[in-house]
Amino acid sequence: MDKNSLLLVVVLFFATANAQNSQSKERLWYKEPATKWMEALPVGNGRLGAMIFGQPINERIQLNEDSMWPGGPDWGDSKGTPEDLVYIRQLLKEGQYHKADEEIVTRFSNKGVVRSHQTMGDLYIDFSTKKVANYYRELDIETAVATTSYNSEGYNYTQEVFASAPHNVLIIRYTTTNPKGMDATLRMNRPKDEGFNTVQVSSPAPNQIQMKGMVTQNGGRLNSEAKPLDYGVKFDTRLVVKNNGGIVVSKDGILELKNVNEAVLLLVGSTSFYHGNNYESYNEQLLGQVQELSYNEMLSAHVADYQSLYKRVTLDLGGNEFNKIPTDERLKKIKDGGTDKALSALLFQYGRYLLISSSRPGTNPANLQGIWNEHIRAPWNADYHLNVNLQMNYWPAEVTNLSECHSPLFDYTDRLINRGRITAKDQYGIHRGAVIHHTSDIWAPAWMHAERAYWGAWIHGGGWLAQHYWEHYSYTNDIDFLKNRAWPAMKALAEFYLDWLIYDQDSKTWVSSPETSPENSYMAPDGTPAAVSHGAAMGHQIIGEVFNNTLKAASILKINDDFVQEVKSKLKKIHPGVVLGPDGRILEWTKPVEEPEKGHRHMSQLYALHPGISITQKTSAHFEAAKKTIDYRLQHGGAGTGWSRAWMINFNARLQDAVAAQTNIQKFLEISTADNLFDMHPPFQIDGNFGFTAGVAEMLMQSHEGFIRLLPALPESWDSGEVTGLKARGNIQVSIKWKEHTIERIELVSKEDTKATLVYKDRKKTISLSSNETIILNQYLKELTK
Ligand code: FUC
């Protein structure tokens, strides 16, 4: 065989291999390397993350670690006094709404917004390769491995990257069929922060790069009182190369690889946040351990660990022939008006992939960008926004069978509650319980960070998070969790509300005041927008829910003390959260008002529909009013951001409106999805990915009404399909197969003896389930479907 025909054989071989790859189901794949960050592909082990560009010659791997934050827990917990609260309440009584807006900020908020999560830096790998053919790049979300492959001058080259949770390391492997091996240069650096950059890069050993320093830049927007920070989390990032063939030499923190046939790069990143002063020795120890392991050992451990979570749920909506098309081209077809239901299934699973990759037991919770952030000052500081965004990140956790991934949220909220107790006491004079305002950072301050009342003065971050504790229990039946984690947290948040509410003589109800409705404002009587109000729908809905869930928990835990009695009595007279206006919509404030932003992205007055559970088909007037409220928002340009659109999918699923849910899915793909399938606010914000996944699950199965509703919002085009392993409240796993819009098979698995009621369209059936027995409900299908 001459050289040319050998080349042809090799080229054909790779062409076939690539085509095969692309047909397999759950992967994102492309024919071009990423040229922008939003085209790069994310991997992560919950704490450590990377964005892979897949550039064959000058590769960039952008690195993240979830505790890379400046500062410390030292910004204090409160400003203002209980007298200031009395003053604001008085202003509202006098109808001085604008003054209340101003004074609430002046008196209670003394810093700008929180600090920013920061990038850990970049790893660059420059190859001497000149020509590239048959380029292929993918992220296989069934194994959580990102692969790049290409051919150069007759030889194959591959890069594989994964972030291992069991071994706590990022692993990158390069291989080639070229007997002469590869030549490459490896370096790491980190963008400069403003003035206190302390990064040092060196080579402590011939095959190592070390990058260490401190996260010092403030990042957040500052008001005049706050100064840039010269302290923060200390970090140590190390890269070790293990090579097969050739040599590795180091010079000034740069590694040169010559004639290397295979190179395995092991990258660890450790910080003082997790390891105190031992963060460097932790890395040394860890590297010592992982260097002993083979690539295949680490890969198998990674895949087994990842799949133990990922494989619990499968979704097939048909249309899988589209998987043969590169992901960016599929998206383009949708933007051009096409449909691709397999892409919805892929995006559903991608949300699960992202949650597994950004939130694992022991890590920090997924921030506004999960863990993937290339900035020193990220948009909205990549922080923890508590007025929808952080909660949305965790909407898919229970229903898509990833309960474990929910746990960082509870660890973090417990920390918020600790600080929120001080805030409640010092700022508002409330001596029991905790308050948590609208945004926070890794140090978990709970106080008010506000430059403007309409976004900063909101007090229900904690109340909304209380829902997650209750839901985690509802889905898992984990009584230890209820007793030891959920109860103390729910009680702290309920206690605060008990003392926060004031009795309103006009309405003869308990009202939350001062209130704001997330990021929105109403027209004050003088015809200009104001934010602070005497009561608002969402606040009352959240407080009502906290009280209700606390009572449910108390009854399970057999607690009936004075606190429980007080909750019962205040709940009876709390201002209703759902009040209909003259046009039949649900009011966002307690009275009908002119709304300056009629299509506002937050749909706070619909909290009771989703993620709350009090508006259901049973409350038919509210159900109808919710529909009207949504229509009105959309008619006025609503759901403009990715997360808002994703929330719409969840609302429509709850309203059992398959057509509207499908329309919002289509719009989400058209407007809010980037080529790497990251959600765009814009810019990138991960909440929409998680909200999308939760929304699709809600379209297929719901369990918030006390029974399991099957296929409540199945779009016309999802005519046949199968979902397995979804979780219903009560710790029941549900799988459904359907054909031509009719259920063919239902499988239920319960961990304990219980009863389950299934509802399909207008049919209902209650059955008994024994523990750990798989029940296939063929015998009931007739009753359910006809
Ligand atoms: C909320 C939203 C914004 C943005 C920010 C991070 O405040 O209103 O749209 O998503 O969080």
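One-based numbering, in listed order, for ligands and for the atoms of each. Since we're looking at a predicted model, the values are computed, not measured.
- Of the N or O atoms in Asp687, none lie within a sub-3.5 Å distance of an N or O in ligand 1.
- Using a 3.5 Å distance cut-off with no hydrogens or angles, the side chains of Asp383 and His385 do pair a donor with an acceptor.
- The aromatic rings of Tyr384 and Tyr412 are tilted relative to each other, their planes meeting at an angle between 30° and 60°.
- Contact atoms of ligand 1 toward Glu519: 1 (C), 7 (O), 8 (O) (distance under 4.0 Å to a heavy atom of the residue).
- Less than 4.0 angstrom separates some heavy atom of Arg601 from each of these atoms of ligand 1: 2 (C), 3 (C), 8 (O), 9 (O).
- For Trp455, the closest heavy-atom approach to ligand 1 does not fall below 4.0 Å.
- Side-chain contact between Ile630 and Met648 is present, with at least one heavy-atom pair separated by less than 4.5 Å.
- A distance of 6.0 Å or more separates the ring centres of Trp643 and Phe690.
- The nearest heavy-atom contact from the protein to atom 8 (O) of ligand 1 is His602 NE2, 2.6 Å.
- Near Leu368, meaning under 4.0 Å from any of its heavy atoms, are these atoms of ligand 1: 6 (C).
- Ring geometry, Trp372 versus Phe678: the interplanar angle falls from 30° to 60°, so the pair is classed tilted.
- Cation-pi geometry between Arg115 and Trp75 is met: under 6.0 angstrom from the ring centre, within 45 degrees of the axis.
- For ligand 1, the atoms sitting less than 4.0 Å from at least one non-hydrogen atom of Gln685 are 4 (C), 6 (C), 10 (O), numbered in the order shown with element in parentheses.
- Stacking of Arg89 on the aromatic ring of Trp500 is recorded, both the 6.0 Å distance cut-off and the 45° axial limit being met.
- Polar contact with ligand 1: present for His681 (N/O pair, distance under 3.5 Å).
- Those atoms of ligand 1 with a heavy atom of Asn387 less than 4.0 angstrom away are 1 (C), 7 (O).
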